[in-house]
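Accompanying notes for the structure given below.
Here the structure is a predicted model, which means the values were calculated and not measured. Lettering of chains follows the sequences in order, A, B, ..., and the numbering in each one begins at 1.
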Number of protein chains: 2
Amino acid sequence: MRCRSRYRSRLSVRGICVGRRRQSVTIKHVAADAGVSLQTVSRVINNEANVRPEMKERVQASIDKLGYVPSIAAQRMSGSRSYLILALNDRERTMENWKAREGNDWVDQMLMGGMLQCAEHGYRLLLELVDTHDDNIQRELKATIAALQPDGVILTPPHSDNPLITDLLEKQKIPFARIGSRDNGGSISLTMGDNRMAAMATRYLIEKGHERIAFIAGAEEYALSHRRKQGWRDAMAQAGLSTEGLCERGDFSYASGEKATRALLSGSARPTAIIASNDQMAMAANAVAHEMGMRVPGDVSIISFDNTPVVRFVQPPLTAIDQPIAEVTSRAVDLVIAAHRGDDLPDMPVVVEGRLIERDSVARPRG
Amino acid sequence: MRCRSRYRSRLSVRGICVGRRRQSVTIKHVAADAGVSLQTVSRVINNEANVRPEMKERVQASIDKLGYVPSIAAQRMSGSRSYLILALNDRERTMENWKAREGNDWVDQMLMGGMLQCAEHGYRLLLELVDTHDDNIQRELKATIAALQPDGVILTPPHSDNPLITDLLEKQKIPFARIGSRDNGGSISLTMGDNRMAAMATRYLIEKGHERIAFIAGAEEYALSHRRKQGWRDAMAQAGLSTEGLCERGDFSYASGEKATRALLSGSARPTAIIASNDQMAMAANAVAHEMGMRVPGDVSIISFDNTPVVRFVQPPLTAIDQPIAEVTSRAVDLVIAAHRGDDLPDMPVVVEGRLIERDSVARPRG
DNA sequence: GTGAAAGCGCTAACAA
DNA sequence: TTGTTAGCGCTTTCAC
């Protein structure tokens, strides 16, 4: 089988033809077909003003007839849009989850919310893994931006709070949304109400009669770790309860959850309930409690943050605070696109609150 | 805060500057810096022959010094590469998994294998959801291709066997890899050895002493459904065992698994083991068996296909055939890139075999 | 309101 | 081996 490209023919391997590919229908064809100038067609595709309705209709008819679709590469070349949104995820954590093959809720939900919303606007979402601790992070990010010229960037924790990243994006004047981060200086930021959610979980336990409610905090470098802890502390204070010796810091890993739980449950004023800053640490708490001969929820109640798929499958299924990742990503997409267009933006941070999903890991304290 | 773009300044909203973005460092800057022509720089970036080592080194030095990265849009405009690989997934199934929030192993593993391998080659992977049953599938795909001009496409089941898709890609001369599909006509195809894997599971059960081994087949439109069934049938025949009344067809859904299992376990020659064509149907089989007062694996052994995260969390954890999705996607990326370059390709289909993961759902049959 | 001309950053084809 | 020229498909600028 020979390659019969109109242009220079290349190799043909096993019948697979590869050649210089050109746009089959270009703006020129449409212009010719509609009998107008290129510019008018361009105006119609971009929905610009100053085109008479009848003209617009005529051009649109040609577009539909010929099945014309603008080339993103060409649009990017001359104009200012690439119709590409870049989503930056933490390399280490993502790879870990993938490799463990225990599911990757964050990426799944982010894609679901982000991809679909991008599609609504005619954009595409491109996922990119970035190593927060890499010294060359700025150089790598610069290269990615230079190559792709994305119209917007979505930052997830812990990148949302990495000044190396945010400074660079600011300098490059690329609109970016920080998920899980509060506003500091004009940029787009979205949170899932960490403070309030932690407080809500705490109050929920207080209402059940708990007084010694412990908290396992997350990694320091995540801003949301601090906010969750603050929410717990505020709710405890408001109820006049002491938090003395009831907080341990983990790093979101299972192992750190085990360690924190052991410390908590071996102390003198053993807590009757534990709130963990993510599911892995909550599952570790559950396992350690069992190990130490305690019943969940009989002796210790547990509430976790995130509500990833796994918490439904441990015994007992964990009561958890759901993180509306899909929704918040979808909003983030809306916002960066709006920013890129120069539209007005709402006050920051935009809050998309989660909710408490009741399962079987919470009960009234004994006695 | 005013926008201080060198070019036409646009709106500035809440301090977010949006302007016409141009490449900060272009091939021209490099050429000027190195004192050579554009073409020479182009040759260096593309690693072409006919450049003297010293020249190459000089140019490379300028590239490094200036931090130059080629614009993909510009490369796509004139050349033949977009450095974009498109991965087409089934919209319905993907959305279902995302919404159920039970994890989406296929997408996760595919991204892991595909993205990382793309990165190795300097490519990016773009995920796109396609509705196989959409009448406009060709029109939509054409539009996507026109807009993105991907250098290659990766097809997953059931798209791999959808002639509307494969014909279009062939016509457009875009290299594509079909995952889960056998070779038919020159194109790139990869399988996970469905036939052999099903036979292996069957033999594994036979060795344990089972004789009445049932099979729950998957949806008709998936070519791999037929191959898995065939593997089971072959292994049974080879061992001189009858398959009479031991096969039910499902559609990969949990509900269809329940129905198939009920039919199987209510029959006269009740099977002592069931192989299900995917995890959902296997979990349904497990649940139905319990419901009908049977023990797993005591009364019925179960083996499932896929080995998604959930099978570890049901009781008992299911013995399963692992699908090496990450690996097969990674190979697919290699192959489409090779095809696009016109390199030689291996014989098709490329087979990346899975393996049996032993857990607790298989035992010797009673008596 | 519409059109003509100039160029975006890069590569293919050809010339030297 | 290297350089020159002419676009790729689109948008911007500016003239009408």
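Put simply, CD1 on A:I27 is 13 Å from C1' on C:dG3, counting in whole angstrom units. Taking atom CD of residue B:E54 and atom C1' of nucleotide D:dT1, one finds them 11 Å apart after rounding to whole Å. The interatomic distance linking B:R76 (CZ) with C:dT11 (P) rounds to 12 Å, in whole Å. What separates CD of A:Q75 from P of D:dC8 is a distance of 17 Å, to the nearest Å. In this entry the distance linking CD1 of B:I72 with C1' of C:dT11 reads 15 Å, nearest Å. Separating the CG atom of B:L148 from the P atom of D:dG9 is a distance of 16 Å, rounded to the nearest angstrom. For the pair A:Q23 CD and D:dG9 P, the computed distance is 6 Å after rounding to whole Å. Atom CD of B:Q149 is separated from atom C1' of D:dG9 by 10 Å (rounded to the nearest Å).
The backbone N or O of A:R91 sits nowhere less than 3.5 Å from a side-chain atom of A:D131 that would complete a donor-acceptor pair.
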Requested in this report: Decide yes or no on side-chain contact (heavy atoms from CB on, under 4.5 Å) for A:Y123 and A:R81, but give the supporting numbers first.
Outcome: CA-CA 10 Å; A:Y123 280 65; A:R81 276 150 306 157; 4.2 Å; yes
Report task. Let me see the working for B:L88 and B:I154 under side-chain contact (heavy atoms from CB on, under 4.5 Å), right down to the final yes or no. Result -> CA-CA 6 Å; B:L88 262 33; B:I154 293 178; over 6 Å; no
Report task. Apply salt bridge (charged side-chain N to carboxylate O under 4.0 Å, His left out) to the pair A:R139 and A:D134, showing each step before the final yes or no. Result -> CA-CA 10 Å; A:R139 202 155 48 78; A:D134 189 346; over 6 Å; no
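The C1' atoms of five pairs define one axis at each end of the helix from C:dG1-D:dC16 to C:dA16-D:dT1, and these two axes lie 30° apart (to 10°).
Closest approach of B:L84 to B:L148, counting heavy atoms only: CD2-O, 4.0 Å.
Map A:T26 and B:V36 each onto its nearest nucleotide of DNA chain D; the residue landing nearer the 5' end is B:V36.
Comment: A:K28 does not engage A:D33 in a salt bridge, judged by the lack of any side-chain N to carboxylate O separation of less than 4.0 angstrom.
When the side-chain nitrogen and oxygen atoms of B:R52 are compared with OP1 and OP2 of D:dT2, one or more of them lie within a distance under 4.0 Å. At the phosphate of C:dC8, OP1 or OP2 sits under 4.0 Å from a side-chain N or O atom of B:K28. The side chain of B:S71 places no N or O atom within less than 4.0 Å of a non-bridging phosphate oxygen (OP1 or OP2) of C:dG9. A sub-4.0 Å separation between OP1 or OP2 of C:dC10 and a side-chain N or O of B:Y83 is absent. Contact annotation: B:S37 side-chain N/O to D:dG3 OP1/OP2 distance is under 4.0 Å.
Only B:Q39, B:S42, B:I45, B:N46, listed by number, bring a heavy atom of residues 38-51 of chain B to less than 4.0 angstrom from any atom of DNA chain C.
A side-chain N or O of B:H29 and one of B:T26 form a donor-acceptor pair less than 3.5 Å apart. At a cut-off of 3.5 Å, with distance as the only test, no side-chain donor of B:N89 or B:E128 sits close to an acceptor on the other residue.
B:N47 is linked by a side-chain hydrogen bond (donor to acceptor under 3.5 Å, both in side chains) to B:K56, counting only residues two or more places apart in sequence or in another chain.
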